[in-house]
Amino acid sequence: MSRAGRIVLWCVPLALIVGGTAFFLRVGDRHEPWTVPDPDTAEMQEPVTRLIRESRAEVLRDPGSAAAWGRLGTVLDAHDLDHPAAICYRHAHTLDPADFRWVYFLAIVRDTIGAPAEESVELLQAAAELEPQYPPVAARMADILARAGQWEQAQAVYERALELAPDYPIARRGLGQVLLARGDPAGALDQLERAVRLRDGDRSTYAALAQAYAQLGRPHEARAAADRSRTLSSRFNYRDSIRGAHVGNVGTSSTAVMSRARFMMANNLWDQALTDLKLAEEMLPDDAWVQFQLGKVYRQLGNDELAEKHLARSRALQGSE
């Protein structure tokens, strides 16, 4: 099947369902003067303020650059400044409608803000036309449709996501939840159990499993799943490499860099972990955890002198607490 054919199969019917008219994508005129967002950074940490200031300056130097607008959007997005990020992504998309990132990220932040389901689905349709083989687009679209109670359409799009990536746990969970809502507990149970096999430890999956077992007359398993769900947090994410590379790797707040450092250390990426931990130390010089992790990383990099310095500092900070 051609690329265009695949798009028609899973995008055009949704346009008919939500009754969209692509009103949002037509907003903006490259000949209008555009105001560059200037968020209040007074209460932000210095590395965040610095990054926003530098990214904003790039747009002011070249307001006709989609890349500059998009870069500022990702910086704002990475620090939960969703409204100004949406403005930047909209302008970037207007300037370069062929770049998948800008319309895709715009869809995500608009959905986060609470945009109507039809708007978010429309934006994701536009993203799907540019990258029809990217599973997170379908999974996000299906989630929005499910939240709107459009179960049949959500099921079709979850199934599309699983055609693209059969081992995609968030889509397995979503499909199971939709089948449960549509009165098919046996089908739901199959999908939910497969989700658990792909990645265990998600609260929502076990809560849905408890419902499926109960509806199938299996009370002991239902109770065990319900008990398990209460011990867990939500662990699934969209496994979104594009968003991770352009938004997840941009954040410079202490929370962002420490989270990224944990990931880098878990994957033995010691140089990258060191970069993030140094940023964390700049913001939190008296944090025992940061000092301890710096010691571990320097040890891995073969610098025993600096390793012991930071480990000793960590011990001293813990002793003073």
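Residue numbers count from 1 along this sequence.
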Rounded to the nearest 0.5 Å, what's the gap from OG1 on T275 to CZ on R260? Could you check?
-> 9.5 Å
State whether R110 and E119 are salt-bridged, where the test is any N-O pair (Lys NZ or Arg NE/NH1/NH2 against Asp/Glu carboxylate O) under 4.0 Å.
-> yes
Salt bridge flag under 4.0 Å for residues E163 and R160 = yes
Approximate separation, where rounding is to 0.5 Å, of L179 CG and Q155 CD | 5.0 Å
From the options E281, K309, R299, R313, select the one residue that forms a side chain to side chain contact (heavy atoms under 4.5 Å, CB included) with L294.
-> E281
Minimum side-chain heavy-atom gap L317-D287 below 4.5 Å | no
Run the salt-bridge test on R230 and D227 with the 4.0 Å N-O cut-off and return the result as yes or no.
-> yes
D143 bridged to R147 by N-O distance under 4.0 Å = no
Quick one: is the NZ or CZ of R56 closer than 6.0 Å to the six-membered ring centre of W69, and within 45° of its axis?
-> no
Sub-4.5 Å side-chain heavy-atom contact between V250 and R71 | yes
Residues that Q177 engages under side chain to side chain contact (heavy atoms under 4.5 Å, CB included), provided they are two or more places apart = R173, S204, A208
Note: with side-chain heavy atoms under 4.5 Å as the link, the other cluster members for F292 come out as L311
Return the orientation label for the Y298 and H310 ring planes: parallel under 30°, perpendicular over 60°, tilted otherwise.
-> parallel
Between V75 and E54, does a side-chain contact (heavy atoms from CB on, under 4.5 Å) hold up when you go through it step by step?
-> CA-CA 10 Å; V75 167; E54 292 169 354; over 6 Å; no
Determine, for E282 against K278, whether the closest basic-nitrogen to carboxylate-oxygen distance falls under 4.0 angstrom.
-> no
Check whether NZ of the Lys or CZ of the Arg R239 lies under 6.0 Å from the centre of the six-membered ring of Y168 and within 45 degrees of that ring's axis.
-> no
Under 3.5 Å donor-acceptor, Y134 side chain and I242 backbone | yes
Could you tell me whether R172 and E193 have a side-chain N and a carboxylate O separated by less than 4.0 Å?
-> no
Got a sec, which residues hit side chain to side chain contact (heavy atoms under 4.5 Å, CB included) with A273, two or more places apart in sequence or on another chain?
-> M264, M265, V297
W102 and F105 aromatic ring geometry - parallel, tilted or perpendicular at 30°/60° bounds = perpendicular
Kindly indicate whether the side chain of R228, heavy atoms from C-beta on, has any atom under 4.5 Å from the side chain of R203.
-> no
Tell me, do V48 and T41 make a side-chain contact under 4.5 Å, heavy atoms counted?
-> no
Would you tell me whether T49 and Q45 have side-chain atoms, one donor and one acceptor, within less than 3.5 Å of each other?
-> no
Backbone N/O of R90 and side chain of T94: donor-acceptor pair under 3.5 Å = yes
With sequence neighbours excluded, residues passing salt bridge (charged side-chain N to carboxylate O under 4.0 Å, His left out) with D62 | none
Pair R243 + D77, salt bridge at N-O below 4.0 Å | yes
Residue pair L175 / L162, side-chain heavy-atom distance below 4.5 Å = yes
Remaining members of hydrophobic cluster (4.5 Å side-chain criterion), I87 | none
Is a salt bridge present between R101 and D99, judged by a nitrogen-to-oxygen distance below 4.0 Å?
-> yes
Could you list who else is in Y213's hydrophobic cluster, with ILVMFWY side chains joined at under 4.5 Å, directly or through other members?
-> L189, L192, V196, Y206, L209, L216, L232
